[in-house]
There are 2 protein chains.
Amino acid sequence: MRIGELAARAGTTTRTLRYYESRGLLPARRDGNGHRTYDESDLRLLRQIRTLQDFGFDLEETRPFVECLRAGHPEGDSCPAALVVYRRKLAELDALIGQLTSVRETVAGQLARAERARDELAVEALVPGGPEPLCELGGQER
Amino acid sequence: MRIGELAARAGTTTRTLRYYESRGLLPARRDGNGHRTYDESDLRLLRQIRTLQDFGFDLEETRPFVECLRAGHPEGDSCPAALVVYRRKLAELDALIGQLTSVRETVAGQLARAERARDELAVEALVPGGPEPLCELGGQER
DNA sequence: GTACGGCTTGACGTCGACGTCAAGGCAAGG
DNA sequence: CCTTGCCTTGACGTCGACGTCAAGCCGTAC
């Protein structure tokens, strides 16, 4: 199979495959015309890469999985180096989720506070002789 | 105050301040020498920008907050446009946290499965006449 | 013959928020 | 006078994973 077909079957692009090859991740054989040639096992390697990429793994982090598959293992994650990557990524995810959750709470709190302040201003605006609004504080959306 | 002092007081760099100015976010007056000049209110604007940046807001997303402060509001988030950004960011955070959590669970499951498989292989390796390991499956860390 | 689709390599563009380097001005201190 | 330090503008570099364009080859279909 040539590069276009492999790309289509993996749901990616030829540019991506050439990029992987340039990084030494997915080398290709060549036919008489100099065209890249792939087989079904390359498709499996590529699918492994793509899956990990979708999970947010860096390209370099997929290398142990690919090498594991290429070494003959039916699963890319059965080698120690892949397990190490799994564990590290798990820790990164936990840290990131924790940070994002913390930020989420902070932003939610700020939003609530700002909305309260806005509502109080709106009430004051109803009081005759109250302070003038400093800018347009009417519309909510858009 | 000049650019170096402002940067130091905000815990950032002069390059960052020039960048913000180039984006029209934090314009500066000039003194007789052509040097940028800032005052305390600029420090407040800058702190608002930096806080939001630390929360993961894009630079452009901080603009409504800065304009709100510059319009005379004591809080940068009291204007509708800022509230809109807050709500949008909250939704983004929720979506992202959800995705990451889902990925986290998937990766954790894969790791557990791979570790089980490795342990089973290790057990088989103890059986005399068992299959040869396909690669080095001994060390766990490093 | 020629148009077309697929392939090749090479190389520049993208995005965001700056980092880093170069060349030069201006004031204070020794 | 010279160094030091802070400032100026301009411009190129960074990072990751490709996108996009250019020029050209090859085989097949019309």
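We name chains A, B, ... by the order of the sequence lines, and we start the count at 1 in each one.
- Under the 4.0 Å criterion applied to side-chain N and carboxylate O atoms, E92(A) and R87(A) are not assigned as salt-bridge partners.
- Counting non-hydrogen atoms of neighbouring residues, nucleotides and ligands closer than 6.0 angstrom, the CZ atom of R23(A) reaches no more than 12 such neighbours.
- Of the possible polar contacts, none joining the T16(A) side chain to the T12(A) backbone as a donor-acceptor pair under 3.5 Å is found.
- Across the protein-nucleic acid pair, N33(B) atom CG and dT8(D) atom P stand 10 Å apart, rounded to whole Å.
- For Y38(A) and dT8(C), the OH to C1' distance is 12 Å, given to the nearest whole Å.
- Each of R2(B), R29(B), R44(B) was scored for a salt bridge (charged side-chain N to carboxylate O under 4.0 Å, His left out) with D39(B), with one residue passing: R29(B).
- Whole-Å rounding puts the R2(A) CZ to dT28(D) C1' distance at 11 Å.
- The NE2-C1' distance, from H35(A) to dC25(D), rounds to 7 Å in whole Å.
- Cation-pi check for K89(A) over F57(A) is met; the charged atom lies under 6.0 angstrom from the ring centroid and within 45 degrees of its normal.
- Between R36(B) and dT9(D), a side-chain N or O to OP1/OP2 separation shorter than 4.0 Å is present.
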Its contact letters, B for base, S for sugar-phosphate only and - for none at protein heavy atoms under 4.0 Å, make nucleotides 15-22 of chain D read --BBBB--

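- Residue R18(A) places at least one side-chain N or O closer than 4.0 Å to OP1 or OP2 of dT8(C).
- Distance, L6(A) CG to dT8(C) C1': 17 Å, rounded to whole Å.
- The stretch residues 78-100 of chain A participates, sequence neighbours left out, in these ring-ring contact (aromatic ring centres under 6.0 Å, His included) pairs: F65(A)-Y86(A).
- If you measure from atom CG of L17(A) to atom P of dT9(C), you get 13 Å, rounded to the nearest angstrom.
- The interatomic distance linking D31(B) (CG) with dG25(C) (C1') rounds to 13 Å, in whole Å.
- Distance, E21(B) CD to dC7(D) C1': 13 Å, rounded to whole Å.
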